[in-house]
Every structure is written in structure tokens, then in C-alpha cells.
K.L.:
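Here it is, the structure, as C-alpha cells.
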Amino acid sequence: EPAVVYVMQDENNDGLPNDIWYELAGNQSNNSLHNYQLCYYKPENSDQNIRWKDNNGASGELHSGYNYESTAAWWWSFTQSDSIIFTGTRLPDAYENNSTTEIQNWIIPRDKFIWGYAENDYGTDYDSKAGSNRLDIANAIDSEGRAVNLPEIRFIKVQTAIFQQAGWLNEVSAEVRGAKEIK
């Protein structure tokens, strides 16, 4: 369940994350949707599902893989608005159902997310001694996918980048356990 990592310098030296975010490219960067936008719509009733629409014209509903009646309870409690928009990079679907029977068998192919993401389950860039993925600011790219030379960074943002519901596994989202600077 990989997450994209973004970094920011503090070019204006105000100590706030209000400059340009740069994505750290990973092995799936060329297969990703950059500048992806996803809008969720708050259900009017507790028995309705959360509806969604993206900036590519796709739309649908979030359905519970856990046999709940609806997904209305999943709504973001911190927002009072009727919709919420997320913007970032959308990675390709992580899970594949490789079952040849009616019983689902969801897996992430071992060669799918190899380097450049938080929570690379099979990542070859994982450093077991440090207990972290080796992310490198030398892999920073701008919103057009062009390499950016960053001498240093001050801020890090980690964002779930998969928009997939994988059958009984349900929604796919990253769980990051921490971050550590290694010099």
C-alpha cells in the first residue's frame, strides 16, 4: 500500500510549509497520474455511500468490503463541507486478484513498487538496520515530472497514492509507522 513522498525546501525562510512541494519519484512514476484530483461527496443520509468524481471524468461510490450497509460513517469528521478534494499523484492499482476461482486472492506483485515510496512492502530500498526505506532527494521531480536539484529539504509530506478497493480487503491506504533522518 505505497504512499508518495513529497518534500519541500524553505525557500522563503519563514519556517512554514508554504513553498513548492516536490515529489520523490519512484519506480512507478512513469505509470502514474500526476496532478490527479479526487472529490468526495458527503452522503445526505447514514444509509448512503460516499460518492466520488475525479478530474479525468470517472465517478462512483465507495462500497464497504466489510458488509457494512453504507460508507457514510467514513466521512471526514474534521470537515463541515459537503465535499472534500484531494490532489496529488495517483499510483497504479496495487492489488491484483490472481484467483481462478470465486474465492478472491488479492496480492501485490513483487515487482510492482520496488523503490521510491513509503510502505514498500517488497521494496528493495528497505534498510533493515535503519528500519526505513532509503528515500533520496536526488529523485525529486516537479509537477511536470522534470528532475529538480534540491540542496536540502525542511518539510516532508506522505500521501496515500492508491485509489483502489480490492474486494474483501476493502480500500487501499498506506500506514506509515514513522520517519527517520539518516545522514
Side-chain angles (χ1 to χ4, degrees), residues 1-40 52-58 60 62 84-98 106-166 169-183:
E1 300 176 321
V4 170
V5 177
Y6 297 89
V7 295
M8 180 187 291
Q9 300 180 85
D10 189 8
E11 293 173 292
N12 62 14
N13 293 314
D14 67 356
L16 300 172
N18 56 8
D19 293 317
I20 299 170
W21 286 106
Y22 297 101
E23 179 180 333
L24 295 185
N27 72 297
Q28 290 291 335
S29 288
N30 292 334
N31 300 320
S32 300
L33 297 174
H34 299 276
N35 303 307
Y36 183 73
Q37 214 171 55
L38 186 61
C39 182
Y40 292 102
W52 61 267
K53 183 175 183 179
D54 71 15
N55 61 336
N56 293 323
L62 297 181
I84 188 168
I85 297 174
F86 294 95
T87 303
T89 294
R90 178 182 175 184
L91 296 172
D93 287 351
Y95 284 90
E96 295 176 7
N97 181 6
N98 71 353
W106 292 91
I107 63 154
I108 298 178
R110 293 194 77 74
D111 61 348
K112 191 85 175 222
F113 300 101
I114 299 182
W115 61 270
Y117 305 104
E119 197 182 355
N120 284 343
D121 194 27
Y122 303 118
T124 58
D125 67 340
Y126 186 77
D127 182 335
S128 59
K129 185 175 182 180
S132 64
N133 292 82
R134 287 182 232 125
L135 300 169
D136 191 341
I137 64 172
N139 293 327
I141 56 174
D142 66 15
S143 63
E144 301 299 317
R146 296 178 297 235
V148 178
N149 182 19
L150 301 176
E152 63 184 16
I153 60 169
R154 174 126 188 218
F155 302 101
I156 298 172
K157 173 173 67 172
V158 179
Q159 187 174 18
T160 290
I162 302 291
F163 181 59
Q164 177 185 20
Q165 287 192 267
L169 291 174
N170 214 13
E171 54 78 32
V172 177
S173 60
E175 294 85 27
V176 178
R177 292 183 278 174
K180 181 179 182 179
E181 178 183 14
I182 300 174
K183 295 182 180 186

K.L.:
Out of Phe163, Tyr40, Phe86, which one pairs with Trp52 under the ring-ring contact (aromatic ring centres under 6.0 Å, His included) rule?
P.N.:
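So the option named by the test is Phe163.
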K.L.:
For Val5, does its backbone N or O pair with a side-chain atom of Glu23 as donor and acceptor, under 3.5 Å?
P.N.:
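Not a single qualifying donor-acceptor pair exists.
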K.L.:
How far apart are the closest heavy atoms of Gln159 and Gly88, and which atoms are they?
P.N.:
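The answer is OE1-CA, 4.1 Å.
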K.L.:
Give the C-alpha distance, both sets of side-chain angles, the deciding distance and a yes or no for side chain to side chain contact (heavy atoms under 4.5 Å, CB included) between Trp21 and Phe155.
P.N.:
CA-CA 9 Å; Trp21 286 106; Phe155 302 101; 3.7 Å; yes
K.L.:
Where do Ala3 and Val158 come nearest, in terms of heavy atoms and distance?
P.N.:
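Residues Ala3 and Val158, closest heavy atoms: CB-CG1, 3.6 Å.
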K.L.:
Of the non-hydrogen atoms in Arg154 and Gly15, which two are nearest, and what is the gap between them?
P.N.:
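Taking every non-hydrogen atom into account, NH1-CA, 3.7 Å.
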K.L.:
Please give me the minimum heavy-atom distance between Thr89 and Tyr6, naming the atom from each residue.
P.N.:
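For Thr89 versus Tyr6, the nearest heavy atoms are N-OH, 3.0 Å.
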K.L.:
Is the number of heavy atoms from other residues, nucleotides or ligands within 6.0 Å of CG (Asn98) greater than 12?
P.N.:
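For Asn98, atom CG is crowded (more than 12 foreign heavy atoms under 6.0 Å).
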K.L.:
Would you give the length of the straight line joining atom CD of Gln37 to atom OG1 of Thr87, rounded to the nearest 0.5 angstrom?
P.N.:
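Result: 4.0 Å between the selected atoms.
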K.L.:
Would you compute the distance between atom CG of Asn27 and atom NZ of Lys112 and round it to the nearest 0.5 angstrom?
P.N.:
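Interatomic distance, Asn27 CG to Lys112 NZ, rounded to 0.5 Å: 10.0 Å.
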K.L.:
Does Asp142 use its side chain to pair, donor to acceptor, with the backbone of Gly145 at less than 3.5 Å?
P.N.:
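At least one qualifying donor-acceptor pair exists.
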K.L.:
One pair to check against side chain to side chain contact (heavy atoms under 4.5 Å, CB included): Tyr22 and Ile141. What are the steps and the verdict?
P.N.:
CA-CA 6 Å; Tyr22 297 101; Ile141 56 174; over 6 Å; no
K.L.:
For Tyr117 and Leu91, run side chain to side chain contact (heavy atoms under 4.5 Å, CB included): C-alpha distance rounded to whole Å, both residues' side-chain angles, the deciding distance at 0.1 Å, then the answer.
P.N.:
CA-CA 10 Å; Tyr117 305 104; Leu91 296 172; 3.6 Å; yes
K.L.:
Nearest 0.5 Å please: distance from the CE atom of Met8 over to the CD1 atom of Ile20.
P.N.:
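One finds 8.5 Å between CE of Met8 and CD1 of Ile20.
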K.L.:
Hey, does the side chain of Ser29 reach the backbone of Ala25 with a donor-acceptor pair shorter than 3.5 angstrom?
P.N.:
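It does not hold such a pair.
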K.L.:
Donor-acceptor pair, Asn18 side chain versus Asn12 backbone, under 3.5 Å?
P.N.:
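No: the side chain of Asn18 does not pair with the backbone of Asn12.
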K.L.:
Within the 4.5 Å heavy-atom criterion, are Ile85 and Leu38 side-chain neighbours or not?
P.N.:
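When only atoms from C-beta onward are counted, Leu38 and Ile85 do not touch, as no gap falls below 4.5 Å.
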K.L.:
I need the Ile153 CD1 to Asp10 CG distance, nearest 0.5 Å.
P.N.:
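Rounded to the nearest 0.5 Å, the CD1-CG separation comes to 12.0 Å.
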K.L.:
Has Asp136 got a side-chain atom pairing as donor or acceptor with Ala138's backbone, closer than 3.5 angstrom?
P.N.:
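A pair under 3.5 Å: yes.
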K.L.:
Would you sort out whether Asn56 and Leu33 count as a side chain to side chain contact (heavy atoms under 4.5 Å, CB included), showing the intermediate values?
P.N.:
CA-CA 10 Å; Asn56 293 323; Leu33 297 174; 3.6 Å; yes
K.L.:
What's the spacing between Gln9 CD and Ile137 CD1 if we round to 0.5 Å?
P.N.:
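With rounding to 0.5 Å, CD (Gln9) is 8.0 Å from CD1 (Ile137).
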K.L.:
What heavy-atom pair brings Pro92 and Ser32 nearest, and what distance separates the two atoms?
P.N.:
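For Pro92 versus Ser32, the nearest heavy atoms are CD-OG, 3.9 Å.
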K.L.:
So do the side chains of Ile84 and Cys39 get within less than 4.5 Å of each other, counting heavy atoms only?
P.N.:
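Of all side-chain heavy-atom pairs linking Cys39 with Ile84, none is under 4.5 Å.
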K.L.:
Can a donor-acceptor pair be found, under 3.5 Å and without considering hydrogens, that links the side chain of Asp93 to the backbone of Tyr95?
P.N.:
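Checking the backbone N and O of Tyr95 against the side chain of Asp93, no donor-acceptor pair under 3.5 Å is found.
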K.L.:
Without hydrogens or angle criteria, can the side chains of Asp54 and Tyr36 be said to hold a donor-acceptor pair below 3.5 Å?
P.N.:
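Yes, side-chain donor-acceptor contact under 3.5 Å.
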K.L.:
Any idea which heavy atoms bring Ala140 and Leu150 closest together, and the distance?
P.N.:
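Closest heavy-atom pair between Ala140 and Leu150: CB-CD1, 3.6 Å.
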